[in-house]
Amino acid sequence: MVTKHVYITGEEAADETIYIEAAKILKDGGLVVFPTETVYGLGADAFNREACKKIYEAKGRPSDNPLIVHIAGPDIPEQLVREIPEDAKKLMETFWPGPLTIILKKADGVSDIITGGLDTVAVRCPGHAVANRLLELSGLCVAAPSANISGRPSPTRGDHVIRDLDGRVDMIIVDDTVDVGIESTVIDMTVEVPVILRPGAVTKEQIRDCLKREILSPETGPEQDISVPRAPGMKYRHYAPEGALSIVRGDAYAVRAFIENEVLNVKESSLKCAVLCCDEHARSYSADVVLSYGKDAAEAAAGLYNMLRTCDRKGCDVIFAEGVEEKGIGLAVMNRLIKAAGHNIIDV
Ligand code: TXA
Ligand code: MG
C-alpha cells in the first residue's frame, strides 16, 4: 500500500482539503494516522468492523486488546454508550477535550472488535486541533490506538510513525505538536469506586478534586491481583526498547554513583551503553549516549518515547534510566518506564 504523507505547519492547519481527504478515507473504511495531544493515533471508523480489523493487522496487535473510541466534542453519541453516570459527566465537563479516556457501559451496536468482547467501551475526546477537525468533519466515531507497531514505544513524532506504519496505512498526517508525550489517563467509571487503569497527564489528584471522592489507582486498585486485567492492554509487554533497560531508584547521589559505576563496567565490554537522567546529571556520565529528561516531569513525559527510540536507533545494548519522582505526571512517566523495563528495577 502506498501511504500518503501530509505535513501540517501553521498555515496548512487551515487547509480544509487535507481534512476532507482524510475524512473520506475514514468513511471509505481506510486507515488514517493523526496527531493528538498525547501520542499519534491510528484511526478507523469505529462502526465499520472491517476497517477496525485493519487496525489490528497494521499494528500487529492482539485482537483481544480493546480500542479507544475518539469523538469530536464532549457530547457522547447515543450509539456508543448505554448510560453516563453523573460522576462521568463531571469528568467530561472538567477534562474534555483533553487527555482523559473514560470507560463506560457500551451500547448494543458497539462491536466486540472495539471492546475485545467486554461490556464496556473506552471513550476519549482529544484536545488537539487537527484531531478535532478531522473527527468533526468526518462525523464519525474513530477507533484509534497509539500509532506504533505493537510492543514499540508510542509515536510522538512524525518520523516515529513513518518508521512504524509507512506502507501499512492509507494516510499519515504529521503535525509535531504532540505535546503531552504519553498516552491518556484511562479511568473506569462503570464500577462502584472509579479506578484509574492507566495513569496519564490527568492525575489522580485532579480527578479526586473534581469528584470529591476516593478513587483507586494502579498501586491501590484491585486489578493487580486479578487474572483478567481490567485494562487488557496492561497484560502485554509494552514500550520496549531493543536494549536491556534497567531503572535505578533512590537517593539522587547514590543513583548517579551506581549508574556511573555500571557504565564503566559495560565499557569494558564491546556493548554500547545509554543513560537517561535528570538534567543536572547529564554532563556527569561517561556513557556512549546520555539523554536528559529536561527540566521537569512534564518534559520527561514529552520526550520519553523519543529517548527510547533514540536508544534503538543508536544501537544501545544496555540502558540505565534514573527514576523520576512519582508525583503528578511523574507517576505516569514511571509507569511507562517500568513497563518498558519489563519491571527491571534496581533500588539503591
Ligand atoms: O492517548 C491515548 O489514549 C492514545 C491516543 C491515540 O488517543 N491512544 C491509546 O490507545 O493509547 P491504546 O490502544 O494504545 O491504549 C488503549 C488502552 C489499552 O490499555 C486498552 O486495554 C485500554 O485502553 N482499554 C480500551 N478499552 C477498554 C475497556 N473497554 N476496558 C478497559 N480498558 C480498555
Ligand atoms: Mg498503545
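Nothing here was measured: the structure is a model prediction, and the numbers come from that model. Every number for a ligand or one of its atoms is a count from 1 in the order of the listing.
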N-O pairing of [X] and [Y] below 4.0 Å:
X: E37; Y: R124; result: yes
X: K59; Y: D164; result: no
X: R336; Y: E183; result: yes
X: R157; Y: D176; result: no
X: R152; Y: D312; result: yes
X: E57; Y: R168; result: no

Tell me whether S146 contacts the main-chain N or O of N148 through its side chain, where contact means a donor paired with an acceptor under 3.5 Å.
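Here the side-chain-to-backbone pair does not exist.
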
Backbone N or O of G167 within a donor-acceptor pair of the T3 side chain at under 3.5 Å?
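Yes: the side chain of T3 pairs with the backbone of G167.
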
Would one find an N or O of T38, backbone or side chain, under 3.5 Å from an N or O of ligand 1?
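Between T38 and ligand 1 (N or O atoms, distance only) the closest approach is under 3.5 Å.
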
Within-cut-off N or O pair, R124 and ligand 1, under 3.5 Å:
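Yes, since at least one N or O of R124 sits under 3.5 Å from an N or O of ligand 1.
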
Applying side chain to side chain contact (heavy atoms under 4.5 Å, CB included) to L291 and V289, what does each step give before you reach the verdict?
CA-CA 7 Å; L291 301 169; V289 175; 3.9 Å; yes

For [X], counting its heavy atoms only, list the atoms of ligand 1 lying under 4.0 Å from any of them.
X: S184; value: 1 (O), 2 (C), 3 (O)
X: R61; value: 12 (P), 13 (O), 14 (O)
X: G41; value: 6 (C)
X: H70; value: 5 (C), 6 (C), 7 (O)
X: I103; value: 27 (C), 28 (C), 30 (N), 31 (C), 32 (N), 33 (C)
X: I68; value: 3 (O), 8 (N), 9 (C), 10 (O), 16 (C)
X: L118; value: 28 (C), 29 (N), 30 (N)
X: T120; value: 28 (C), 29 (N), 30 (N)

Tell me, please, if S154 has any N/O/S atom, main chain or side chain, under 2.8 Å from the Mg ion (ligand 2)?
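It does not; every qualifying atom lies at 2.8 Å or beyond.
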
Can a donor-acceptor pair be found between the side chains of T190 and T120 at a distance below 3.5 Å?
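There is no such pair between these side chains.
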
Option set [options], criterion heavy-atom distance to [atom], minimum:
atom: atom 18 (C) of ligand 1; options: V39, V33, N65; answer: N65
atom: atom 15 (O) of ligand 1; options: E183, E37, R198; answer: R198
atom: atom 24 (N) of ligand 1; options: S146, P66, A201; answer: P66

Yes or no: does A144 have any heavy atom under 4.0 Å from an atom of ligand 1?
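Contact present.
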
